[in-house]
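What follows is a set of notes on a single structure, which appears directly below.
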Number of protein chains: 2
Amino acid sequence: MALNDPNLQRVVTRPTVVRVGNSAVPVSGNGSLHSPKRMLFLDLVLSVFRLNGLLVAEGDAMTEGLGLTSARWKVIGVVALSTAGLTVPGIARVLGQSRQAVQRITDVMAKDGLITYEPNPKHKRSLLVLLTEEGKSAYHELREVQDPWALRNTEDIPIEELETSLRLVRRLIQRLDK
Amino acid sequence: MALNDPNLQRVVTRPTVVRVGNSAVPVSGNGSLHSPKRMLFLDLVLSVFRLNGLLVAEGDAMTEGLGLTSARWKVIGVVALSTAGLTVPGIARVLGQSRQAVQRITDVMAKDGLITYEPNPKHKRSLLVLLTEEGKSAYHELREVQDPWALRNTEDIPIEELETSLRLVRRLIQRLDK
DNA sequence: TCGAATTTGTCAGCATGCTGTCATCTAGCC
DNA sequence: GGCTAGATGACAGCATGCTGACAAATTCGA
């Protein structure tokens, strides 16, 4: 929902894209290029912004009955996949977020009884995050709504397109992350 | 950077995925399915979260010298593409955001002299957002850094992959937006 | 034309994520 | 062993985006 949005098209002057073969040509005198890749990429960027917002909202709504939010099931999912527990900065590294952001989430989740901080034999101050029984229960309930949701949203999408898109997103992450 | 993250793999038990032909089989006794599509989709969701954060950071860094941020060039880009101006709720509809969020951004941008609120012949209270000369200048400077950035980030990516990914993201947006 | 439904501006509160800072702890190197 | 660099916890401030609420303006149908 971006460059071709109907709300915008109504009031927009169509960019005068001049195509010459596969290349592009400067337009509107500002020296910029309306190359297909540029347009595609910027549209993809705006679409990722939009999709991110929708996924957060969807994730919140989907799990509101479980005492979870999008931010929480990101954490609970990572912790559930770990065997020996993870430290808060460890969770942050997996999710690619700041440790402070994760710390704030885990503190609330600990207060809510979903996780506990257990002593870490490897580190005196940096405790291990583990799921409580309530947390494990919440994780299983999460799976019960999240799995059908995932399948529902992909049932008419070829697996090759999912793979291509995931590969592209991963490549962009890798490029921007360094 | 998610389900196959090295930080996580070190401490994770590999899920015992049992494949039968193209279908999947319940594992670990909780009735959940490790179907390929489910894994792909959840990985894509987490990757979109991650990419969103990186794009915001990249967009902020790229335009910090222009008095812009990611949130601002989203707005300035939409306004620049419009001919007769857009109202704040109109911008919000194009971007798929709340009008309140956009209003806060535009208020600051107006105070910074990038945009102005002009009378709207169609509506007494809902003013039109237009770029000032300073705003147009900022938009052109934005293009000068954003266009090479877009081309740089896609130079080794086949255009077909960009199209496939954009189409998938758009399809997900359309599904989640209704 | 009139009244209800919708849209809009405005204010408030909240969640999420970022950066910066500082003290403390850990790990690696001499 | 000791010292320095890096990692961590804790606190603060800030940006972005969401929702709810209310009054005013607009739109649309009876």
Side-chain angles (χ1 to χ4, degrees), chain A residues 7 46 48-61 63-64 67-76 85-112 117 119-129 176-177, chain B residues 7 46 48-61 63-64 67-76 85-112 117 119-129 176-177:
Chain A
N7 281 296
L46 291 176
V48 166
F49 287 159
R50 178 86 192 97
L51 180 57
N52 179 79
L54 287 169
L55 286 175
V56 169
E58 183 88 354
D60 287 348
T63 54
E64 65 176 350
L68 294 178
T69 63
S70 302
R72 293 187 191 194
W73 61 250
K74 283 197 284 183
V75 169
I76 215 174
L86 281 170
T87 65
V88 166
I91 298 170
R93 278 187 289 269
V94 173
L95 293 177
Q97 292 185 342
S98 72
R99 60 199 169 82
Q100 293 92 332
V102 173
Q103 184 82 59
R104 194 172 45 72
I105 304 292
T106 55
D107 284 348
V108 181
M109 291 176 70
K111 193 182 298 179
D112 289 351
Y117 294 117
N120 183 354
K122 302 267 190 66
H123 199 292
K124 193 181 297 181
R125 286 206 315 173
S126 196
L127 305 175
L128 290 176
V129 175
L176 298 177
D177 202 13
Chain B
N7 281 296
L46 290 177
V48 166
F49 288 158
R50 179 86 192 97
L51 180 57
N52 179 78
L54 287 169
L55 287 174
V56 169
E58 184 87 353
D60 287 347
T63 54
E64 66 176 351
L68 295 178
T69 63
S70 303
R72 294 187 189 193
W73 59 252
K74 283 197 285 183
V75 169
I76 216 174
L86 280 170
T87 64
V88 167
I91 298 171
R93 279 188 290 268
V94 173
L95 293 176
Q97 291 185 344
S98 72
R99 61 198 167 83
Q100 295 92 332
V102 173
Q103 184 83 59
R104 193 174 46 72
I105 304 293
T106 55
D107 284 347
V108 181
M109 290 176 71
K111 192 181 300 177
D112 290 352
Y117 294 118
N120 183 353
K122 302 270 190 65
H123 199 293
K124 193 180 297 181
R125 286 206 315 171
S126 196
L127 305 175
L128 289 177
V129 176
L176 298 177
D177 203 14

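Throughout, a chain's letter reflects where its sequence line sits, starting with A, and its residues are numbered from 1.
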Sugar-phosphate or base contact per nucleotide [nucleotides 3-11 of chain C; S, B, -; heavy atom under 4.0 Å]: -----BBBB
[X]: partners by side-chain contact (heavy atoms from CB on, under 4.5 Å), with sequence neighbours left out:
X: B:A57; result: none
X: A:L128; result: A:T87, A:N120, A:P121
X: A:A92; result: A:R99, A:V102
X: B:A110; result: B:I115, B:Y117

A:V129: which of A:V75, A:V88, A:L86 passes side chain to side chain contact (heavy atoms under 4.5 Å, CB included):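 Of all the options given, the one that passes is A:V88.
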For chain A, the stretch of DNA chain D it reaches, first to last nucleotide, under 4.0 Å of its heavy atoms: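 It runs D:dT8 to D:dC11.
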Touch class at under 4.0 angstrom, heavy-atom based, for A:S70 against every strand present: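 Nothing: the residue A:S70, judged by heavy atoms under 4.0 Å, touches no strand.
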Could I get the full list of side chain to side chain donor-acceptor pair (under 3.5 Å) partners for [X], not counting sequence neighbours?
X: B:T69; result: none
X: B:D60; result: B:S70
X: A:E58; result: A:W149

5'-most by nearest nucleotide on DNA chain C - A:V56 or B:A57: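 Comparing both residues, the 5'-ward one is A:V56.
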Closest non-hydrogen atom pair, A:V48 against B:L55: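 Scanning both residues completely, I find the closest heavy atoms to be CG1-CD1, 4.0 Å.
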For atom CZ of A:R104 and atom P of C:dC18, their distance in whole Å: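 Rounded to whole Å, this separation is 10 Å.
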Set of residues satisfying salt bridge (Lys or Arg N to Asp or Glu O under 4.0 Å) with respect to B:D107, sequence neighbours excluded: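 Salt bridge (Lys or Arg N to Asp or Glu O under 4.0 Å) check on B:D107 returns nothing, list empty.
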End axis versus end axis in the helix from C:dT1-D:dA30 to C:dC30-D:dG1, the angle rounded to 10°, five pairs used at each terminus: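 Answer rounded to 10°: the end axes differ by 30°.
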